[in-house]
Amino acid sequence: MPKLRLPISFGAAALAVACTLLPFAAAHAQENDTLAKIKASGAITFGYRESSFGFSYLDGNLKPVGYSIEICNRIVEAVKTELKLPAVEIKYQAVTSANRMPLVQNGTVDIECGSTTNLVDRQKQVAFSPDIFRYNVRMLVKADSGIRSIADLQGKTVATTSGTTSFRLLREADRGRSLEVTNLAGKDHSDSFLLVESGRAQAFVLDDILLAGQIANARNPKDFVITGESLRTENQSLMFRKDDAAFKALVDRVVSGMMKSGEMEKLYAKWFMSPIPPKGININYPLNAETKEAFANPSSKGI
């Protein structure tokens with residue numbers, strides 16, 4: 001007589017499913033546990049920009065340097081203390097505006113030490129440190145172009161960098177909605193600047209501090225000016241994987257501590273108010289009221 005096969009109970013089924021999902025959940029948690037990843041490998045990977053002058057760029061020896069890189073170096077010192085490691089190897093991965101978030105999300109980059117705007121919409125995909133800089137989005141033009149406002153861009157070609165929000169902000173501005181303009185995208189900020197320098201574009205829209213860096217590094221800085229209405233006040237932060245509470249707590253503690261101790265302001269003066277490598281150029285961008293507020297009241301809220 002055949003044996004009866006009784007249906008598995010709901011509770012047992014749920015337990016079976018839970019047991020099946022446990023390895024997946026553990027693997028997912030491991031992927032987002034940056035400190036565990038660093039402890040296991042003995043290394044951390046910085047994402048850096050090649051031409052965010054002052055923030056994150058290559059010096060004369062093609063080594064990544066800048067304000068953002070130095071802040072990340074302070075974070076590594078805190079990681080060594082937290083994990084009780086004598087050393088942590090720093091690896092470098094070049095990123096662009098277009099690929100920076102995917103490279104953070106997929107684990108190629110552990111922390112992006114660049115010039116990324118902390119937007120609430122981006123927080124759905126990545127996490128951010130407290131703001132390390134605040135600035136205004138404006139435009140760079142040739143000094144003799146006659147362009148001094150958004151309205152003057154009618155019929156012109158505007159350069160932006162791929163992966164940035166600059167052209168959208170221009171279009172959303174009251175005076176930008178009815179403009180007939182052509183957008184030309186550069187692969188990085190230096191490429192976008194070259195579009196204006198060569199005459200292929202008449203304006204380059206970006207964060208004013210990054211525009212100042214491009215002008216300072218130009219062959220003839222006096223040939224260019226930053227002008228026009230501010231399209232938006234934005235904020236720059238360090239970027240890393242989301243859903244990693246332990247690593248975010250460490251990053252927040254280091255960055256906020258640097259702000260409260262006065263170290264961040266000294267670092268700012270070093271990179272934006274002093275001669276910097278490789279050519280000893282001074283960007284000469286005084287600490288603005290918005291960044292002073294960021295230092296006084298650290299926040300990663302985003303905009």
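These numbers come from the heavy atoms of this one structure, side chains and all, not from hydrogens, waters or symmetry mates. Numbers here simply count residues along the sequence, with the first being 1.
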Is the shortest heavy-atom distance from the side chain of [X] to the side chain of [Y] under 4.5 Å?
X	Y	answer
Leu153	Val158	yes
Thr227	Met139	yes
Leu231	Glu172	no
Leu238	Ser68	yes
Val196	Val141	no
Val137	Ser230	no
Thr161	Leu210	no
Gln93	Tyr48	no

Rounded at 0.5 Å granularity, tell me how far [atom1] in [X] sits from [atom2] in [Y].
X	Y	atom1	atom2	result
Leu179	Leu170	CG	CG	6.5 Å
Arg232	Ser166	CZ	OG	9.5 Å
Leu206	Leu211	CG	CG	5.0 Å
Ser52	Asp207	OG	CG	8.5 Å
Gln236	Ile209	CD	CD1	8.0 Å
Glu82	Ile75	CD	CD1	13.0 Å

Exam field: side chain [X] to backbone [Y], donor-acceptor pair closer than 3.5 Å:
X	Y	result
Ser56	Gly66	no
Gln202	Thr157	yes
Tyr67	Phe133	no
Ser261	Gly257	yes
Asp188	Ser190	yes
Lys142	Asp223	no
Arg241	Thr34	no

Any pair with a residue in residues 67-77 that passes salt bridge (Lys or Arg N to Asp or Glu O under 4.0 Å), sequence neighbours left out, goes on the list, sorted by first then second residue, please. Glu70-Arg74, Glu70-Lys270, Arg74-Glu263, Glu77-Lys80
Other ILVMFWY residues reachable from Val126 by side-chain steps of under 4.5 Å: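 Val95, Met101, Leu103, Val104, Val109, Phe128, Met239, all in the cluster of Val126.
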So, Phe53 versus Phe272, ring centres under 6.0 angstrom or not? no
Determine whether the aromatic ring centres of residues Tyr135 and Tyr285 are separated by less than 6.0 angstrom.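 No, ring centres 6.0 Å or more apart.
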Could you tell me whether the side chains of [X] and [Y] share a donor-acceptor contact shorter than 3.5 Å?
X	Y	answer
Asn183	Thr160	yes
Thr108	Asn106	yes
Ser51	His189	no
Glu290	Asn235	no
Thr164	Ser97	no

Is it the case that more than 12 heavy atoms not belonging to Arg200 sit under 6.0 Å from its CZ atom? no
More than 12 heavy atoms from other groups under 6.0 Å of NZ on Lys39: no
Looking at residues at least two apart in the chain, or sitting in another chain, which of them share a ring-ring contact (aromatic ring centres under 6.0 Å, His included) with [X]?
X	value
Phe167	none
Phe204	none
Phe247	Phe240

Can you pull out every ring pair (Phe, Tyr, Trp, His ring centres under 6.0 Å) where at least one residue sits in residues 75-117? Sequence neighbours excluded, please. Phe46-Tyr92
Between Lys248 and Asp252, does at least one N-O distance fall below 4.0 Å, as a salt bridge requires? yes
Taking NZ, NE, NH1 and NH2 as the nitrogens, is one of them in Arg134 or Asp131 under 4.0 Å from a carboxylate oxygen of the other? yes
